Each structure stands twice: as C-alpha cells, then as structure tokens.
Amino acid sequence: MDIFALFEGRVADALTASFPELASRNEVLARVVVEPPRDATHGDLSTNAAMVVAKPLGKNPREVATVLADHFGSDPDVASAEVAGPGFLNFRLDAGVWHKVLASVAEQGADFGRSDVGQGEKVNVEYVSANPTGPMHVGHTRGAVFGDALASLLAYTGYDVTKEYYINDAGSQVDTLARSAFLRYREALGETIEIPAGFYPGDYLVPVGLSLVEEFGNSLLGKPEDAWLPPVKQHVLAAMMELIKADLKKLNIEHDVFFSERTLHGPGGDIEETLDWLRERGLVYEGRLEPPKGKLPEDWEDREQTLFRATQFGDDTDRALIKSDGSYTYFAADIAYHRNKVLRGFTALIDVLGADHAGYAARITAAVKAVSDGKAQADVRFCQLVKLLRNGEPVKMSKRSGDLVTLAEVVDEVGADATRFMLLFRRNDAPLDFDFAVVKEQTRDNPVFYVQYAHARTWSIFRNAARDLPGLDISASALRGADLSLLSSPDELDLIRLVGSWPRQVAAAARAHEPHRLAFYLHELAAQFHAFWARGKENPALRFVNDDNPTLTLARLALVDSVRQVLSNGLGLLGVSAPEELS
RNA sequence: GGCCCCGUAGCUCAGCCGGAUAGAGCAGUAGCCUUCUAAGCUAUUGGUCGCAGGUUCGAAUCCUGCCGGGGUCGCCA
C-alpha cells in the first residue's frame, strides 16, 4: 500500500468532483502531487493541488484549497485537512491509517514497494561493456554496480528488463590482443619473448598461451599471421569473456544477453542494412565536416566523407560513419546495434557509460531517435571516476605498466556487499572517494555496516523476545494479529511513516533512473531505527521487548518486523546481503 | 574555442516533476553508553545554495550570461 499514491487518487477525484471542468485536463492533474510535508508539524501529507489548478481555473489557490479541505471533511481516514501557506493542503491522518500501512507491509512482505509504474515497458539496460582485452579494473566497477542496481530497480517497478553487455570485439584492439596472446603461445612453447610497446603486457595472457598450446599444439608456429590470427582471436576472446564474467560474478552481476559487435559487420550484416535504411530516408550523405574549433588535430585532412545527419536529431555536428581506410566507425556499428535493440522491441534504451564518453550522449540519443522514428527513448547515464584511497592517501595506479587495481582485488579485500553499497551511496554522476580503510571499518562512519547492523538488530530483537518471553507467540501469523493501535507515540508513528514512504521512494528512484536514492533512504531508515532503539536504553518503557507487557511487545515487534522487511527489500534491490547477525 | 558534467555548512554529500523556516554524516562543543547487540544515541555550533540577471503566486531546482573545477573534441573503443 502506497499511501501517497492512494491520496493522489483521492485528491484527483476531489478535484474533478468539485471542478468538473478539470476532468479533461490531464496535463494539469498530472502535476498534482501528494508528498510528505517538509516540516512534519504540518501534518502527514501535503498536496500542491490547489496551487496547480488555481491558474487554469482562474481562482485563488487558497479558495480552491478550502473547497478541497471541505471535501475531505467526510473522509474517515483524514483527521484534519488544513489550508496553509500559499495554498498547500495539509492532511493529518487518523492513526488507524498508519496502522493499516503497517499491516500491509506484513501482508506484502518482499513485495512491499513493488509496483507497476513501468507498465511492462521493455527496457534494455546496457552496462559494463568493458573491452574484452583483460580483466576488469576498478574503473569499470562503478558502472557495473550502477547498471545492475538500476536493472533490479526497474524490474521491481514493473518494467520488462533485459541486462545486456556489448562486446567490443571488432576493432583493431582485438587484433592486438590476439597478437599479444600469440606471443604468450610462443612463450608457452619455450621461446623467450619480448613484449613490444603497444601490446597487452598483462600476466593474465600467460594461461591463454598455455591453453592455445593445449588446443593447437605447435601447429600455429611458422604460419603466416593471416592464418593464425583468426583462430587465436577467437580463442583469446572467449578466454577474456570468461575472465570478465568471473569478475562480474564476484559482484553477483549476471547479464541476460552478451551481444557481439562482430556479428553486426560483414556483407548483409546489421551495419549495412542500417546504413541502407538511413540512406533511404536521406539521413546519410557525402560531405565535409568543419574542423574542430581551437587547436587543429595534427593529422587533420579536409576530405569528403560519409556522414550521418545527427544534427537533424539534436546533435551538434554530423558524425562520420566510415573511416579513411574504408571500415566502419565505432559509431556506425553502434547505430546498428541500437537499431537492433529497437527491432527487438525495446522502447527504452539505457546506456551506462564512463564519464570520459560524455561527449557521446548526444549522438546516441540522435541515433536512437532516427532508427526508431522517435518511438524509443535513449537515456545515457554516466558514472564518474572512483578515486581509490587507503587511509586517506590516493592509491597509485599507472596505466602504462598495467599496474591497475582490478575489480577482483577490490572485492576480495572489502567484499561484494561493501563494494556495491559504497558505489551506490553517491549519485552516479558525482566523483566518488572509495577509502579501503573506511569501507572495512565497523563503525557508523561506514554506511554499509550501519545499514546492515540495523537489519541485524531487528533479528536480534526477535531473538531476545523469544528468550525473554518464551510464552509469547511471535510467529508471523501472531504478529498479524497484534493490536497495532497500541503504537501511538510520536516516535512509533514517525517510524511507521518512514516505512510507509518506501513504495514512493522506489517508484521515484525508478522513474529518475537513480538507484542511489534507495541507498540514502535505507541509511535514513537505519538511523531512525537506531535512534528509536537507543531511547529504550534510557527509558525501559520504550523498549521493543517489555517483559511485563506481552500485548505491547507484540505490537512493537510488528513494527520492528516492518523495518526488517523494508531494509531487507531495499538491500535486496541494491544487491547487498541483509545478514541476520553480524559477526 | 565548441560541447557535456559539477559548484549547497570547515570537510564529504543529499535535496524527490519548481513549493512552506535549505537537510544528513564527519569534524567541533556538551552529555549518555553497569547492554532488548559493544561497534551506538542525544543536544548544539555552523549557509549570500559560485556570481549576476530572467521566467512566476513561489527558484538550490527551470532559462541566459559570466567565474571556478573536471571531462571531451573528425576516422580510438
């Protein structure tokens, strides 16, 4: 039960009942929201309805609000409806409403917060898509976690989600990869090798050399490159993808679809087909591009080339499709790839990219508009850099020597839970400091620990109740029969309010494509719960478990259970475990 | 030079589709912690929301310009 959504419905009904001329004004009604007031002393719920409709109606907002307030006089759930400020309408709810909300948490369990705001829309979330040239490093980790949490969130809110990985296996870098692997192959056969600059020097190719020997023996030796390159490429790509999948597995990330760029190339392939399709619509032409302003690239040559009319769809400049050597640009393949997604029926295409690709957003958005005739929506999300720290000191990384911190190293050191939560405890487009020392700390400075501890505490309260009140039935069905009207103190009602706002938070986070909001909410819920718990230390009457009052204990346990449920649901969406006990 | 992101308390950051007196954590200060789990809790100090305009009943939020920081800039992926 989402109390805010429920009242949005009632407010809309009240509006159209009082002002029939609004019935056809959906664009106006859509702006009406019911939300918690900024200041809790204003009541339980607040709506901007009167201010939104005042102008279209040509009436004074406070006047409209008064009419609405009268309308809600007969609503048994509403204890009072007051007009405030410029025309807010504030509701104070009958405490029984909050008790119903609490009961609905128990009833819905893991589904409390689930919704159908997505209405089954087919969404493709493309994330990670790291080049298959080596193990994943920390730079990829943030996008991986962000995309994965976003996908879970969207699935939970009624979207039909596919998690996809685009394998960049068509560029010249994979040839370099194959050549690097071939060196390791020769090494495995006893040669002493030297790795030239520009090759991939990493040790992770050593086992690939060995497995090449296993598969081909020494049969590739002495052959010309064009004979050994294709099979070696095939072999090393498969090995790299296994490596990457194993890394992702450490973070509990599994994609539904791995899409190979190579399958788009070639005669009759998607790229050709897509360019033909675009040509038919006059969106491809031969022309010259203005050189970039400012300093000119050294190898700039003014020549005619094949361009996509990206400007027609909101990009700043038209974009090249074919390189000077005749092969397709990365972008040409990407247009075909996005068209492929559209043809598979997706109407929302989310691309999760690193911040260094920020300049790419406009052209992807343009391409998706073009290939879908405006029917599909692209949303390109960027993840900013993660700065690794150790006790406040930056961790040194040198790309040149291949001395990067890998995803596996981070996860092995701090664990998947902490990695995921920390990366989600910040907006994706803001830079993030990741300090190993803080993340491993078991104090309130560490939000992962703080939230998990709150969850563990709910379990420990139940364990204590079972120990101290052995005669009390605290099973789920017994909790359902608890007399919730005993929960009437401000602290209790505040906690229920926060629990009750969970569905609204989830829906808002999904609409905004911002999973970090869930992490912040969970942190807030944990804080309020810890605070409530601490009050029981000063005043035993406020404890959840009261030896001399089993009825009250049962009601409070129902409240604790709702907190447990929401923490568990939330951590689950973020892909973080919810332990019953901290060791 | 063009484009994109960012600028909110000393620090790190939230701020939901424009809404009421701008929030949290850390740090600081003053307390509590002989336990429903010790790793916590309470109170308190602290703001020209980068600057200047604009839009309107109302702007941290939307628009324009400027300042500062980061990223990026035909054929790399």
Side-chain angles (χ1 to χ4, degrees), chain A residues 30-31 33 35-39 42 46 48 51 54-55 60-61 84-88 90 129 131 133 168 170-173 261 288-295 297 299-303 305 307 315-325 327-331 333-334 354-362 382 384-385 425-427 429-433 441-447 449-450 453 456-457 459-465 467-468 504-505 507-509 511-512 514 516-517 520 523-524 527 530-538 540 543-547 553 556 560 581-582:
Chain A
R31 291 173 49 216
V33 293
E35 57 192 350
R38 191 172 288 270
D39 187 336
H42 290 139
S46 173
N48 62 353
M51 291 177 289
K55 191 169 239 183
N60 175 305
F88 286 100
N90 295 329
S129 299
N131 291 334
T133 55
N168 299 139
S172 58
Q173 55 174 0
E261 181 189 350
R288 285 169 200 280
L289 228 44
E290 292 283 311
K293 303 257 163 70
K295 67 167 186 219
D299 58 348
W300 175 266
E301 57 173 307
D302 185 26
R303 66 176 186 89
Q305 52 187 338
L307 299 168
D315 200 357
D316 311 312
T317 176
D318 291 338
R319 302 290 177 176
L321 295 169
I322 296 178
K323 304 187 214 171
S324 55
D325 69 359
S327 63
Y328 294 117
T329 61
Y330 179 81
F331 181 54
D334 221 10
D356 53 340
H357 290 74
Y360 205 64
F382 299 102
Q384 273 291 347
L385 295 178
F425 197 58
R426 176 118 322 165
R427 259 175 44 209
D429 54 358
L432 172 108
D433 290 348
E441 218 169 72
Q442 300 221 328
T443 69
R444 62 160 310 158
D445 295 349
N446 178 355
F449 169 77
Y450 189 71
Y453 180 42
R457 181 167 263 173
W459 280 86
S460 98
I461 288 166
F462 271 84
R463 286 191 293 268
N464 287 321
R467 184 194 61 208
D468 297 345
R504 182 173 179 275
Q505 301 282 350
R511 273 192 277 260
E514 292 182 352
H516 76 271
R517 292 192 197 182
F520 277 95
H523 192 258
E524 188 185 345
H530 284 312
F532 193 118
W533 183 91
R535 249 160 251 144
K537 292 179 93 167
E538 292 155 17
R543 294 187 175 192
F544 295 114
V545 178
N546 271 271
D547 295 3
T553 298
R556 291 215 172 126
V560 172
E581 210 170 348
L582 296 180

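Values in this document were obtained by computation on a predicted structure and should not be read as measured data. Every chain is numbered from 1 and lettered A, B, ... according to where its sequence line falls, protein lines coming before strand lines.
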(request) May I ask you to evaluate whether A:Y450 reaches the phosphate of B:C41, defined as a side-chain N or O under 4.0 Å from OP1 or OP2? (result) yes
(request) Keeping the roles fixed (side chain from A:T329, backbone from A:A320), state whether a donor-acceptor pair exists under 3.5 Å. (result) yes
(message) Considering every strand and a 4.0 Å limit on heavy-atom distances, what is the contact class for A:R303: base, sugar-phosphate, or nothing?
(response) base
(request) Please list every stem that involves RNA chain B, where a stem is a run of 3 or more consecutive Watson-Crick or G-U wobble pairs with both pairing distances under 3.5 Å. (result) B:1-7 with B:67-73, B:10-13 with B:23-26, B:28-32 with B:40-44, B:50-54 with B:62-66
(request) Give the intermediate values and the outcome of side-chain contact (heavy atoms from CB on, under 4.5 Å) for residues A:E581 and A:W459. (result) CA-CA 7 Å; A:E581 210 170 348; A:W459 280 86; over 6 Å; no
(request) Please work out if A:A84 contacts a base, only the sugar-phosphate, or nothing of the nucleic acid, heavy-atom cut-off 4.0 Å. (result) base
Give each protein N/O atom lying under 3.5 Å from an N/O atom of nucleotides 57-61 of chain B, with the pair distance.
residue: B:C57; atom: OP1; partner: A:K55; partner atom: NZ; Å: 3.1

(message) Roughly how many Å apart are B:G10 and B:C51, using the P atom of each and rounding to a whole number?
(response) 13 Å
(request) Ignoring hydrogens and angles, state whether a donor on the side chain of A:R426 or A:H516 is under 3.5 Å from an acceptor on the partner side chain. (result) no
(message) Work out how far the C1' atom of B:G18 is from that of B:U56, and round it to whole angstrom.
(response) 10 Å
(message) Any side-chain N or O of A:H530 below 4.0 angstrom from OP1/OP2 of B:U42?
(response) no
(message) Is there aromatic stacking of A:F88 on B:A20 here, judged by a ring-centre distance under 5.5 Å and a plane angle under 30°?
(response) yes
(request) Taking A:Q384 for its side chain and A:G354 for its backbone only, find out whether a donor-acceptor pair lies under 3.5 Å. (result) no
(message) Does atom CZ (A:R31) have a neighbourhood of more than 12 heavy atoms from anything else shown, all under 6.0 Å?
(response) no
(request) Show your working on side chain to side chain donor-acceptor pair (under 3.5 Å) between A:N546 and A:R543 and close with a plain yes or no. (result) CA-CA 6 Å; A:N546 271 271; A:R543 294 187 175 192; over 6 Å; no
(message) By nearest heavy atom, map A:H42 and A:R504 onto RNA chain B; which one lands nearer the 5' end?
(response) A:R504
(request) Give one of base, sugar-phosphate or nothing for A:Q305, where a contact means two heavy atoms less than 4.0 Å apart. (result) base
(request) Determine, step by step, whether A:D325 and A:S327 satisfy the side chain to side chain donor-acceptor pair (under 3.5 Å) criterion, reporting the C-alpha distance in whole Å, the side-chain angles of both residues, the deciding distance to 0.1 Å, and the verdict. (result) CA-CA 6 Å; A:D325 69 359; A:S327 63; 2.7 Å; yes
(message) For a quick test of reading the model: is some side-chain N or O of A:Y330 closer than 4.0 Å to OP1 or OP2 of B:C76?
(response) no
(request) Tell me what A:A456 touches on the nucleic acid: a base, only sugar-phosphate, or nothing, going by heavy atoms under 4.0 Å. (result) base
(message) Within the 4.0 Å heavy-atom criterion, would you say A:F425 contacts the bases, only the backbone, or no part of the nucleic acid?
(response) nothing
(request) Could you tell me which residues satisfy side-chain contact (heavy atoms from CB on, under 4.5 Å) with A:D356, sequence neighbours excluded, listed by chain and number? (result) none
(request) Give a yes/no on whether any side-chain N or O of A:R457 is located under 4.0 angstrom from OP1 or OP2 of B:U37. (result) no
(message) Counting only side-chain nitrogens and oxygens, does A:R427 get under 4.0 Å of the OP1 or OP2 atom of B:C6?
(response) yes
(request) Can you tell me, in whole Å, how much space there is between the P of B:G23 and that of B:U64? (result) 29 Å
(message) Over all strands shown, is A:N90 touching base, sugar-phosphate only, or nothing at heavy-atom distances under 4.0 angstrom?
(response) base
(request) Would you kindly check whether a donor in the side chain of A:S172 faces an acceptor in the base of B:A77, or vice versa, at under 3.5 angstrom? (result) no
(request) Report yes if a donor N or O on one partner sits less than 3.5 Å from an acceptor N or O on the other, where the partners are the side chain of A:R535 and the base of B:U42; otherwise report no. (result) no
(message) For the base of B:C36 and the side-chain ring of A:W533, does the geometry meet a stacking cutoff of under 5.5 Å between centres and under 30° between planes?
(response) yes
(request) In whole angstrom, give me the gap between the C1' atoms of B:A14 and B:G25. (result) 10 Å
(request) Map A:R543 and A:G171 onto RNA chain B by nearest heavy atom, then report which one ends up closer to the 5' terminus. (result) A:R543
(message) With a 3.5 Å cut-off and heavy atoms only, can you find an N or O donor on one side and an acceptor on the other between the side chain of A:H357 and the base of B:A77?
(response) yes
(message) Looking only at side-chain N and O atoms, does A:N90 offer a donor or acceptor that is under 3.5 Å from a partner on A:S46?
(response) yes
(message) Give me the distance, rounded to whole Å, that separates B:A30 from B:C17 when you measure between the P atoms they each carry.
(response) 42 Å
(request) For A:R426, report the nucleic acid contact type (base, sugar-phosphate, nothing); a contact means any heavy atom under 4.0 Å. (result) sugar-phosphate
(message) Taking ring-ring contact (aromatic ring centres under 6.0 Å, His included) as the criterion, tell me which of A:Y450, A:F520, A:F449 meets it with A:F425.
(response) A:F520
(message) Roughly how many Å apart are B:U45 and B:C57, using the P atom of each and rounding to a whole number?
(response) 37 Å
(message) Quick check: do A:Y328 and A:L321 have side-chain heavy atoms less than 4.5 Å from each other?
(response) no
(message) If I pick the P atom on B:U12 and the same atom on B:G74, what distance separates them, to the nearest angstrom?
(response) 33 Å
